[in-house]
Amino acid sequence: MRIIAMLFLGLTLAACGGEQTKSEAPSTGSTQSVAGDVVTTGEFSGLSEHITTGDVTIKKAEDGYYVVLEENFSLDGAPDPKLGFGNSGEYDIESQFSVLNKKTGYQSYKLPADIDPTQYNEIYVWCEQFSVPLGVASINS
């Protein structure tokens, strides 16, 4: 039974390594620069055998909070990448706020009003299809 579970996990992780596909979740990302005060910053590292790198900045503007993936952001690929928050190694599915628009480069995402990023200490790139983390950045809110 243990071997079957390990094979399933391996297949799940391998499947998340495919090319990005479109998701039905609404996308709020933009490539426009965001003005605002920096709340916190972090640097991504890969998880689940994925390569996720680059910096992330959370800014507070007059109209709310923004998550900014900086120019050096990169994800090696996944079929269903989303963005959300977590605390101390635990992803909070309720904090998921957007589809990842592209695998590399600058991107900004306006957070919904009901998500307060200062309540979290991590931001995730999450493969929703297989429920595995692709990358995480520690943020000190």
Side-chain angles (χ1 to χ4, degrees), residues 1-61 63-141:
M1 188 68 169
R2 187 175 190 174
I3 293 172
I4 292 171
M6 290 176 69
L7 285 172
F8 177 75
L9 178 61
L11 290 172
T12 299
L13 293 176
C16 255
E19 285 299 308
Q20 181 177 353
T21 60
K22 295 197 183 249
S23 174
E24 295 180 355
S27 176
T28 59
S30 169
T31 57
Q32 294 181 341
S33 182
V34 174
D37 296 327
V38 172
V39 175
T40 187
T41 62
E43 184 177 349
F44 280 103
S45 54
L47 295 171
S48 306
E49 299 183 20
H50 281 272
I51 299 169
T52 308
T53 60
D55 299 318
V56 59
T57 303
I58 297 177
K59 293 184 175 183
K60 184 166 185 176
D63 63 340
Y65 288 102
Y66 286 81
V67 170
V68 178
L69 305 182
E70 301 295 346
E71 190 62 40
N72 63 351
F73 174 78
S74 179
L75 169 67
D76 62 352
D80 196 16
K82 304 285 173 53
L83 296 169
F85 292 95
N87 281 308
S88 304
E90 296 292 324
Y91 179 67
D92 179 3
I93 191 72
E94 299 297 319
S95 73
Q96 188 169 289
F97 60 89
S98 184
V99 173
L100 181 68
N101 280 344
K102 57 184 186 169
K103 295 185 289 182
T104 62
Y106 182 92
Q107 304 165 61
S108 64
Y109 299 86
K110 185 174 188 310
L111 292 178
D114 63 340
I115 296 178
D116 180 356
T118 66
Q119 300 303 304
Y120 300 97
N121 63 19
E122 296 168 324
I123 185 164
Y124 282 83
V125 179
W126 183 261
C127 179
E128 186 172 33
Q129 183 175 346
F130 292 99
S131 296
V132 296
L134 305 172
V136 64
S138 292
I139 52 174
N140 297 321
S141 299

**Study point:** Contacts of type ring pair (Phe, Tyr, Trp, His ring centres under 6.0 Å), residue Tyr66, not counting sequence neighbours
**Key:** none
Practice item. Not counting sequence neighbours, which residues clear ring pair (Phe, Tyr, Trp, His ring centres under 6.0 Å) with Phe85? List them please. Key: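 If we apply the ring pair (Phe, Tyr, Trp, His ring centres under 6.0 Å) test to Phe85, skipping adjacent residues, the hits are Phe97, Tyr120.
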Exercise for review: Indicate whether any N or O donor in one side chain lies under 3.5 Å from an N or O acceptor in the other, for Tyr91 and Gln96.
Suggested key: yes
Do [X] and [Y] have side-chain heavy atoms sitting under 4.5 Å apart?
{"X": "Val56", "Y": "Thr41", "result": "no"}
{"X": "Tyr65", "Y": "Asp116", "result": "yes"}
{"X": "Leu69", "Y": "Phe44", "result": "yes"}

Review point. Given Ser88 and Asn121, is the side-chain hydrogen bond (donor to acceptor under 3.5 Å, both in side chains) satisfied, shown in steps?
Key: CA-CA 7 Å; Ser88 304; Asn121 63 19; 3.3 Å; yes
Check your understanding: When you look at Tyr109 and Asn101, which way does the side chain to side chain contact (heavy atoms under 4.5 Å, CB included) test go after all the steps?
Key -> CA-CA 9 Å; Tyr109 299 86; Asn101 280 344; 3.6 Å; yes
[atom1] of [X] to [atom2] of [Y]: how many Å apart, nearest 0.5 Å?
{"X": "Gln129", "Y": "Lys82", "atom1": "CD", "atom2": "NZ", "result": "9.0 Å"}
{"X": "Asp114", "Y": "Ser95", "atom1": "CG", "atom2": "OG", "result": "10.5 Å"}
{"X": "Asp37", "Y": "Lys59", "atom1": "CG", "atom2": "NZ", "result": "9.5 Å"}
{"X": "Cys127", "Y": "His50", "atom1": "SG", "atom2": "NE2", "result": "6.5 Å"}
{"X": "Leu134", "Y": "Glu128", "atom1": "CG", "atom2": "CD", "result": "11.5 Å"}

My understanding is that only one of [options] makes a side chain to side chain contact (heavy atoms under 4.5 Å, CB included) with [X]; could you say which?
{"X": "Pro117", "options": "Val67, Val39, Ile58", "answer": "Ile58"}
{"X": "Tyr124", "options": "Val136, Thr52, Asp92", "answer": "Val136"}
{"X": "Trp126", "options": "Pro81, Ser48, Ser131", "answer": "Ser131"}

Nearest heavy atoms of [X] and [Y], plus distance in Å:
{"X": "Phe73", "Y": "Lys102", "value": "CE2-O, 4.1 Å"}
{"X": "Ala137", "Y": "Gly42", "value": "CB-C, 4.3 Å"}
{"X": "Ala61", "Y": "Ala35", "value": "CB-O, 3.4 Å"}

Review point. Do other residues, nucleotides or ligands put more than 12 heavy atoms under 6.0 Å from the CD1 atom of Ile115?
Key: yes
**Study point:** Check: Asn72 side chain, Asp55 main-chain N or O, donor-acceptor pair, under 3.5 Å
**Key:** yes
Review point. Quick one: does Gln107's side chain have a donor or acceptor within less than 3.5 Å of a partner on Leu100's backbone?
Key: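 Such a contact is absent between Gln107 side chain and Leu100 backbone.
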Practice item. Quick one: list whatever passes side-chain hydrogen bond (donor to acceptor under 3.5 Å, both in side chains) with Glu70, sequence neighbours left out. Key: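 Testing Glu70 for side-chain hydrogen bond (donor to acceptor under 3.5 Å, both in side chains), a comparison that skips the adjacent residues, returns Thr57.
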